[in-house]
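Read the structure below first, then the notes.
Since we're looking at a predicted model, the values are computed, not measured. Residue numbers count from 1 along this sequence.
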Amino acid sequence: HLKDMVVDDGGTKYHYNLEYSPCLTAGRMRAGYWLPAKGRRLRWQEMAKLQGMRRDFVVNIATSTLGFMLGNSFTETVMARLIASAAEHC
């Protein structure tokens, strides 16, 4: 199952998920996430795609700042549900 594995090796111990990405957090973005099948770390473009951003997303900031922003962001689906839930309770 190496082709489906994403390893979070930035914590005190290794953690991995099969067939889905671990939670992207700002604290882990500097170390990144390891893709054993590809022998490399997850690229920021792939992290942006996991967060639902378009392919033509343009970056004019440092990669480290971008990683922090991606780790602190929510997908469009999550935001839509949060807003709908908040609207129901107003």
* To do: Under the side-chain contact (heavy atoms from CB on, under 4.5 Å) rule, collect the residues that match up with E46, sequence neighbours excluded.
  => L35, R40, L42, R43
* Residues in side-chain contact (heavy atoms from CB on, under 4.5 Å) with A86, at least two apart? -> none
* **Test side-chain contact (heavy atoms from CB on, under 4.5 Å) applied to I83 - qualifying residues, sequence neighbours left out** => none
* Asked: Is it true that atom CE of M53 has more than 12 heavy atoms of other residues, nucleotides or ligands lying nearer than 6.0 Å?
  -> yes
* Asked: Considering residues at least two apart in sequence or located in another chain, which fulfil the side chain to side chain donor-acceptor pair (under 3.5 Å) criterion with N60?
  -> none
Tabulate below the donor-acceptor pairs under 3.5 Å that side-chain atoms of residues 73-82 make, not counting sequence neighbours, or state none.
| from | atom 1 | to | atom 2 | distance (Å) |
| --- | --- | --- | --- | --- |
| S73 | OG | Q51 | NE2 | 2.9 |
| S73 | OG | L70 | O | 2.8 |
| T75 | OG1 | V78 | N | 3.3 |

